[in-house]
Amino acid sequence: MSCPSASFAVWTAAWLHGAAATDDVLDALAVWREHHDVVAADHTAADELDLPMRGSYPASPVQLLAALRRVGTVGTRLVLPAPGDVRGLGGQTSFATAALTAREGVVLTGARFGLVPVPAADQVLSWTVHTLPSTAVVEHVGLGEAEHALSEALRSSAATLQSLDVAKGRPGVRDELRGRLATRPDPDWPAGMPQRALRVLQRANEVATILQLAAEDEPGAALSSAAANQRADALRPLDAAVRAARTAAVHEAIRVLAEGADHY
């Protein structure tokens, strides 16, 4: 499991470089919702991409893909913002606001647009395209660095929780974790997807599920508000590490797929 924006970023990048067919992109998106529609958030995006405005009858992903190639899109970049961490969003824009609310989005490289998916109805995911005033400069984090940081954050958080004596587990939590992972969407990835990126995505998904269970179990074994706050502080770096690992894995996959396709 990752998120719809990760699937869109990887598959669309592969499609732009000729490493995937249009139907492959559509099939990959269908894992998240059976139907996908596309609208523009502003008149610039509507005019340049020939998309309907939000509130009008939506366009299809096929129309969006054709438009992306037409305006010179050369790649994609995943963003996974959170409160207090808005790197990669390019300032205060409608895209930044929407991506922060959704906790995900895709920035197009070679074009000045960003996309944010939001569940619109049962089995419908609506993608809104926003015009960006500029492309944010993002510090590159390598896959190895992100993988190491995730492991370190996991160890540090576990040690802190143990020292606070607020890490007592609840009965059956391991079975619950396995059950959660088994029921999450299992997206397909393009042929040639680097195995290390897949491994990091899987590890990040496991830690994200642990964080979800911890949030539902708040305040855990903490017996005071101070201990509960310390428990939350210990878990917070894990969320940042998960987002960094997922982003690094997706960007490594995009790089490898693009370079592989360009060699043919």
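Here the structure is a predicted model, which means the values were calculated and not measured.
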What distance do [X] atom [atom1] and [Y] atom [atom2] have between them, rounded to the nearest 0.5 Å?
X      : Y      : atom1 : atom2 : value
Phe113 : Leu68  : CZ    : CG    : 9.0 Å
Thr76  : Leu115 : OG1   : CG    : 10.0 Å
Leu201 : Arg203 : CG    : CZ    : 13.0 Å
Trp15  : Leu26  : CH2   : CG    : 10.0 Å
Trp11  : Met193 : CH2   : CE    : 9.5 Å
Glu259 : Arg255 : CD    : CZ    : 4.5 Å

pair [X]-[Y]: side-chain heavy atoms closer than 4.5 Å:
X      : Y      : answer
Leu16  : Thr73  : yes
Val79  : Val107 : yes
Arg69  : Leu65  : no
Asp122 : Arg33  : no
Leu125 : Glu34  : no
Thr131 : His43  : no
Pro187 : Trp32  : yes
Leu143 : Val200 : yes

[X] side chain to [Y] backbone, donor-acceptor under 3.5 Å:
X      : Y      : result
Ser56  : Pro52  : no
Arg77  : Leu108 : no
Glu104 : Leu80  : no
Gln63  : Ser60  : yes
Trp189 : Ser7   : no
His17  : Ile254 : no
Arg70  : Leu49  : yes
His36  : Ser126 : no

For [X] against [Y], the heavy-atom pair lying closest together:
X      : Y      : value
Pro81  : Leu89  : CB-CD1, 3.8 Å
Ala6   : Leu78  : N-CD1, 3.7 Å
Ala245 : Leu150 : CB-CD2, 4.1 Å
Trp127 : Pro4   : CH2-O, 3.6 Å
Val71  : Glu48  : CG1-O, 3.6 Å
His130 : Ala98  : NE2-CB, 3.8 Å

Single-linkage hydrophobic cluster [X]~[Y], side-chain heavy atoms < 4.5 angstrom:
X      : Y      : result
Val25  : Leu51  : yes
Phe95  : Leu100 : yes
Val129 : Val124 : no

Evaluate the side chain to side chain contact (heavy atoms under 4.5 Å, CB included) criterion for residues Val250 and Arg246: first the C-alpha distance (whole Å), next the side-chain angles of each, then the deciding distance (0.1 Å), finally the verdict. CA-CA 6 Å; Val250 165; Arg246 283 174 166 165; 5.6 Å; no

Residue set satisfying side chain to side chain donor-acceptor pair (under 3.5 Å) with Asp85, at least two apart, ordered chain then number -> Arg87, Arg243

